[in-house]
Amino acid sequence: MKKVFVLIAPLFIAIIVFVTVTYFLNKNSGKGALQVTSVPQSNVYLNGKLIGKTPLCIGTEGCKTQDMLSIGEYSIKLDPLEGDYTPYDAKISINKSTLTVVDRTFLIGASSSGSVITLTPISDKKDAQLLVISLPTYGNVFLDSNQVGITPLLLKNLTESDHDLHITKDGYSDKLIKIRTALGYKLTSLVFLGVNPNFASISGELQIKTQNTTEKATKSATASSPKIVILNTPTGFLRVREEGSISSLEIARVFPGEVYTFIDEKDGWFKIKTKNDKIGWVSAQYAKKE
């Protein structure tokens, strides 16, 4: 009997992926299954051989190809059928009796995003684990709306149930994945975050502003201590939030090289006073105290 393990449906702008994982395709087969989705539709190559077009599935119920794949490492390539997009190449693993899912949303340049979801058995049959890896690293991980850490992140002792996995990072489009963890298995979610096109379009302007304001801001800072110095960021600016949380309201923006009055700090956050006397929090990942 088959349990449903992965179903992915990418949405274009929000870059949201819905995943429902099923396992135990056939315990005795020694083989696994593959599902591939993309926007736009793409040719799919496995070890250099064209095997079909997205959406594509191999070895699961309802697939045109019921024969499963031998376990092992494979190279996969997605070549979009429309648009001037760079093909996507990756290495994937096919594991025994489980489904591997590859998803890709093609956009111009670094705005493309995607994910690879795999399931591997672990020794503790009463444990359900989740490994979250993002490129770039240090993405904020939310599980069922609760912030649980920063990538790369391994979570243990989860319930065997559906979960909402949400990854965010300043300057990149959010990624939401609906997953189902399973006892005795580790679900690995490799997430490729795409640069937010809205931020990318103004990066040149922000870079110029940063260069023009760095020297002025540094000179205007007083000698009283401590101070918060804003570091380089992928977007060329850093959000000031109402509270020390990635989900809190943005109230201002500050720029690399600028120096601000330190007020308070807590785990991963500095509280500062901006030039227009606004009080808010910035991520300690992109700021330092002097």
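Using a 4.5 Å heavy-atom cutoff, the side chains of Trp269 and Lys271 are not in contact. No side-chain heavy atom of Tyr88 sits under 4.5 Å from any side-chain heavy atom of Ser112. Here the side chains of Val102 and Ile76 are in contact, with some heavy-atom distance below 4.5 Å. In this structure, the side chains of Leu69 and Leu46 come closer than 4.5 Å at one or more pairs of heavy atoms. Between Asp127 and Tyr185, every side-chain heavy-atom pair lies at or beyond the 4.5 Å cut-off. Inter-residue side-chain proximity for Leu187 and Ile179 is flagged as met; some heavy-atom pair is nearer than 4.5 Å. With a 4.5 Å cut-off on side-chain heavy atoms, Tyr85 and Ser42 do not count as touching. The shortest distance between side-chain heavy atoms of Ile92 and Leu34 falls below 4.5 Å.
Under the salt bridge (Lys or Arg N to Asp or Glu O under 4.0 Å) criterion, Lys289 pairs with Glu265, sequence neighbours left out. Qualifying side chain to side chain donor-acceptor pair (under 3.5 Å) partners for Lys156, counting only residues two or more places apart in sequence or in other chains: none. The side chain to side chain donor-acceptor pair (under 3.5 Å) check on Ser247 picks up Ser245, with sequence neighbours excluded.
At a threshold of 4.0 Å, the pair Lys273-Asp264 does not count as salt-bridged, since none of the basic side-chain nitrogens sits closer than that to a carboxylate oxygen. A salt bridge is defined here as a Lys NZ or Arg NE, NH1 or NH2 lying under 4.0 Å from an Asp or Glu carboxylate O, and Arg241 with Asp170 meets this definition. The existence of a salt bridge linking Glu290 and Lys227 is excluded, since no basic side-chain nitrogen approaches an acidic carboxylate oxygen closer than 4.0 Å. A salt bridge is defined here as a Lys NZ or Arg NE, NH1 or NH2 lying under 4.0 Å from an Asp or Glu carboxylate O, and Arg180 with Glu160 fails to meet this definition.
Of all the heavy atoms in Ser173 and Leu193, the pair that sits closest is O-CD2, 3.9 Å. Between Ala182 and Ala128, the shortest heavy-atom contact is O-CB, 3.4 Å. When all heavy atoms are compared, the tightest approach of Gly236 to Phe255 is O-CD2, 3.3 Å. Between Ser113 and Gly194 the shortest heavy-atom distance is CB-N, 3.7 Å. Nearest heavy-atom pair, Tyr45 versus Asp79, reported as atom, atom and distance to 0.1 Å: CE1-CB, 4.2 Å. Nearest approach of Asp67 to Ile58, heavy atoms of both residues: O-CG2, 3.1 Å.
Summarising the local packing, NZ of Lys49 is surrounded by 12 or fewer heavy atoms from other residues, nucleotides or ligands at distances under 6.0 Å. No more than 12 heavy atoms of other residues, nucleotides or ligands sit less than 6.0 Å from atom NZ of Lys126. Within a 6.0 Å radius of CG in Asn276, more than 12 heavy atoms belonging to other residues, nucleotides or ligands are found.
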Name every donor-acceptor pair, under 3.5 Å, that has one atom in a side chain of residues 142-149 and the other anywhere in the protein, sequence neighbours excluded.
| residue | atom | partner | partner atom | Å |
| --- | --- | --- | --- | --- |
| Asp144 | OD1 | Asp164 | N | 2.8 |
| Asp144 | OD2 | His163 | ND1 | 2.9 |
| Gln147 | NE2 | Asn140 | OD1 | 3.4 |

Indicate every side-chain donor-acceptor pair of residues 277-287 with a distance under 3.5 Å to a residue at least two apart or in another chain.
| residue | atom | partner | partner atom | Å |
| --- | --- | --- | --- | --- |
| Lys278 | NZ | Ile251 | O | 3.0 |
| Ser283 | OG | Gln285 | N | 3.2 |
| Tyr286 | OH | Lys169 | NZ | 3.1 |

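Both Phe192 and Ile133 belong to a common hydrophobic cluster when Ile, Leu, Val, Met, Phe, Trp and Tyr are linked at side-chain heavy-atom distances under 4.5 angstrom. Hydrophobic clustering, with ILVMFWY side chains joined whenever heavy atoms are under 4.5 angstrom apart, groups Ile51 together with Val116. Under a hydrophobic clustering in which Ile, Leu, Val, Met, Phe, Trp and Tyr are joined whenever their side-chain heavy atoms come within less than 4.5 Å, directly or via other members, Leu135 and Leu131 fall into the same cluster. Under the 4.5 Å side-chain heavy-atom criterion for Ile, Leu, Val, Met, Phe, Trp and Tyr, Val191 and Leu153 are members of the same hydrophobic cluster. Placement of Leu81 and Ile108 in two distinct hydrophobic clusters is found when ILVMFWY residues are connected by side-chain heavy-atom separations under 4.5 Å, directly or transitively.
Going from atom CG of Leu165 over to atom OG of Ser189 covers 5.0 Å, rounded to the nearest 0.5 Å. The CG atom of Asp103 sits 9.5 Å away from atom OG1 of Thr54, with the distance rounded to the nearest 0.5 Å. A distance of 11.0 Å separates CG of Leu249 from CZ of Arg239, quoted to the nearest 0.5 Å. The distance from atom OG1 of Thr261 to atom CD1 of Ile228, rounded to the nearest 0.5 Å, is 9.5 Å. Atoms OG1 and CG, on Thr151 and Leu190 in that order, are 10.5 Å from each other to the nearest 0.5 Å. In this structure, the separation between CD on Gln129 and OG1 on Thr120 is 8.5 Å, given to the nearest 0.5 Å.
The backbone N or O of Ser93 lies less than 3.5 Å from a partner atom in the side chain of Thr100, making a donor-acceptor pair. Distance alone, capped at 3.5 Å, is enough to place a donor-acceptor pair between the Ser248 side chain and the Glu243 backbone. The main-chain N or O of Leu119 is found under 3.5 Å from a side-chain atom of Asn95 such that the two form a donor-acceptor pair.
Of the N and O atoms on the side chains of Asn47 and Ser75, at least one donor lies less than 3.5 Å from an acceptor on the other residue.
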Trace of the side chain to side chain contact (heavy atoms under 4.5 Å, CB included) decision for Arg253 with Leu238: CA-CA 6 Å; Arg253 292 183 179 183; Leu238 181 62; over 6 Å; no
Residue pair Phe106, Thr86: steps toward the side chain to side chain contact (heavy atoms under 4.5 Å, CB included) verdict: CA-CA 8 Å; Phe106 290 94; Thr86 302; over 6 Å; no
Worked check of side chain to side chain contact (heavy atoms under 4.5 Å, CB included) between Arg104 and Val39: CA-CA 7 Å; Arg104 189 74 175 176; Val39 175; over 6 Å; no
Residue pair Ile272, Phe262: steps toward the side chain to side chain contact (heavy atoms under 4.5 Å, CB included) verdict: CA-CA 5 Å; Ile272 66 170; Phe262 168 82; 5.8 Å; no
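Cluster partners of Ile71: none. The rule joins Ile, Leu, Val, Met, Phe, Trp and Tyr whenever side-chain heavy atoms lie under 4.5 Å apart, and it links nothing here.
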